[in-house]
*Asks:* 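Input: one structure, supplied below.
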Amino acid sequence: QVHLVESGGGLVQAGGSLRLSCGASGSISSINAMGWYRQAPGKQRELVARITRSNSTDYADSVKGRFAISRDNTKNTVYLQMNSLKPEDTAVYYCNAVIAWTPPINYWGQGTQVTVSS
């Protein structure tokens, strides 16, 4: 019972920046980790960044040093700051939340399109 809504996608030039937001509602106290995934046309969905309740973070090698995930617990919102964007970053970005029950439960947002022009 977690509802996720993404925002902040759009069209940017290569080298530009964009910040995605994901608002969570519902049983947010049960969320173990949140993250961002992306899926480019014809490709598999891949993990971009993840943050846990203990603030441990994990990034895909392709975005290390360029992207940063953070959260605002007061607003129940997770962010993805994307800098130095490349055309290969073009994809639909999905917010993800995991409740670490047995078995774990995954929740997904509807996705937001990010397009980086060359």
Side-chain angles (χ1 to χ4, degrees):
Q1 55 192 103
V2 175
H3 182 59
L4 306 172
V5 179
E6 303 103 329
S7 63
L11 174 64
V12 298
Q13 295 180 335
S17 298
L18 202 63
R19 188 174 76 159
L20 306 183
S21 299
C22 175
S25 62
S27 188
I28 56 177
S29 63
S30 299
I31 296 175
N32 177 257
M34 295 186 68
W36 290 93
Y37 289 71
R38 67 186 181 188
Q39 187 167 25
K43 298 183 179 179
Q44 293 274 74
R45 185 175 299 186
E46 64 175 349
L47 173 69
V48 177
R50 176 191 292 140
I51 187 167
T52 69
R53 288 182 297 185
S54 62
N55 288 319
S56 175
T57 58
D58 186 41
Y59 296 92
D61 288 340
S62 60
V63 306
K64 287 181 179 178
R66 299 189 298 120
F67 291 10
I69 189 170
S70 62
R71 68 186 187 194
D72 185 335
N73 291 334
T74 301
K75 296 182 177 181
N76 299 321
T77 301
V78 64
Y79 304 94
L80 183 67
Q81 179 66 47
M82 303 184 293
N83 299 320
S84 301
L85 283 162
K86 305 175 181 179
E88 49 262 45
D89 294 319
T90 295
V92 177
Y93 285 70
Y94 297 91
C95 183
N96 167 259
V98 178
I99 296 178
W101 295 347
T102 304
I105 301 175
N106 277 274
Y107 294 89
W108 298 92
Q110 81 287 348
T112 185
Q113 177 71 47
V114 172
T115 302
V116 184
S117 63
S118 59

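Each residue takes its place number in the sequence, starting with 1. In this text the structure is predicted, and so the values were computed from the model without any measurement.
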*Asks:* Taking all non-hydrogen atoms of both residues into account, name the closest pair between Leu47 and Ala60 and its distance.
*Replies:* O-CB, 3.4 Å
*Asks:* With a 3.5 Å cut-off and no angle check, do the side chains of Ser54 and Thr52 form a donor-acceptor pair?
*Replies:*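 Their side chains do contain a donor-acceptor pair, which is all the 3.5 Å distance test asks for.
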*Asks:* Could you list the residues that satisfy salt bridge (Lys or Arg N to Asp or Glu O under 4.0 Å) with Glu46, not counting sequence neighbours?
*Replies:* Arg38
*Asks:* Check Arg53 against Arg71 and note the closest heavy-atom contact, atom names and distance.
*Replies:*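 Smallest heavy-atom distance, with atoms named: O-NH2, 2.5 Å.
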*Asks:* For the atom pair CD1 (Ile99) and OG (Ser29), what is the distance rounded to the nearest 0.5 Å?
*Replies:* 8.5 Å
*Asks:* Would Met82 and Val114 count as a side-chain contact (heavy atoms from CB on, under 4.5 Å) here? Give the steps.
*Replies:* CA-CA 10 Å; Met82 303 184 293; Val114 172; 3.9 Å; yes
*Asks:* If you compare all heavy atoms of Ala40 against all heavy atoms of Thr90, which two are closest, and at what distance to 0.1 Å?
*Replies:* CB-O, 3.7 Å
*Asks:* Out of curiosity, His3 NE2 to Ser27 OG, how far, rounded to the nearest 0.5 Å?
*Replies:*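 With rounding to 0.5 Å, NE2 (His3) is 14.5 Å from OG (Ser27).
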*Asks:* Measure the CG-CD1 distance between Asp58 and Ile51 for me, rounded to the nearest 0.5 Å.
*Replies:*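 One finds 11.0 Å between CG of Asp58 and CD1 of Ile51.
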*Asks:* Evaluate whether atom CD of Gln44 has more than 12 neighbouring non-hydrogen atoms of other residues, nucleotides or ligands under 6.0 angstrom away.
*Replies:*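 Count not over threshold, so no.
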*Asks:* So, Tyr59 side chain and Ile69 main chain: donor-acceptor pair closer than 3.5 Å or not?
*Replies:*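 Yes, because the side chain of Tyr59 sits within donor-acceptor range (under 3.5 Å) of the backbone of Ile69.
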*Asks:* What is the distance from atom CD1 of Ile31 to atom CG of Leu4, rounded to the nearest 0.5 Å?
*Replies:*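 Separation between the atoms: 6.5 Å.
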*Asks:* Please tell me whether Leu20 and Val116 are part of a single hydrophobic cluster in this structure, the criterion being side-chain heavy atoms less than 4.5 Å apart.
*Replies:* yes
*Asks:* With a 4.5 Å heavy-atom cut-off, do Glu6 and Tyr93 have their side chains touching?
*Replies:* no
*Asks:* Minimum heavy-atom separation for Val2 and Ala97, please, with both atom names.
*Replies:* CG1-CB, 4.3 Å
*Asks:* Is Lys64 salt-bridged to Asp61, cutoff N-O under 4.0 Å?
*Replies:* yes
*Asks:* Under the ring-ring contact (aromatic ring centres under 6.0 Å, His included) rule, what pairs show up with a residue in residues 99-118, not counting sequence neighbours?
*Replies:* Tyr37-Trp108
*Asks:* Crowded around Gln13 CD? As in, over 12 foreign heavy atoms under 6.0 Å?
*Replies:* no
*Asks:* Is there a continuous path of hydrophobic side-chain contacts, each under 4.5 Å between heavy atoms, that joins Tyr94 to Phe67?
*Replies:* no
*Asks:* On a heavy-atom basis, which atom in Trp36 and which in Cys22 lie closest, and how many Å separate them?
*Replies:* CZ2-CB, 3.6 Å
*Asks:* Would you kindly confirm whether Val92 and Leu80 end up in one hydrophobic cluster when ILVMFWY residues are joined by side chain heavy atoms under 4.5 Å apart?
*Replies:*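 Result: no, two separate clusters.
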*Asks:* How far apart are the closest heavy atoms of Met34 and Ala24, and which atoms are they?
*Replies:* CE-CB, 4.3 Å
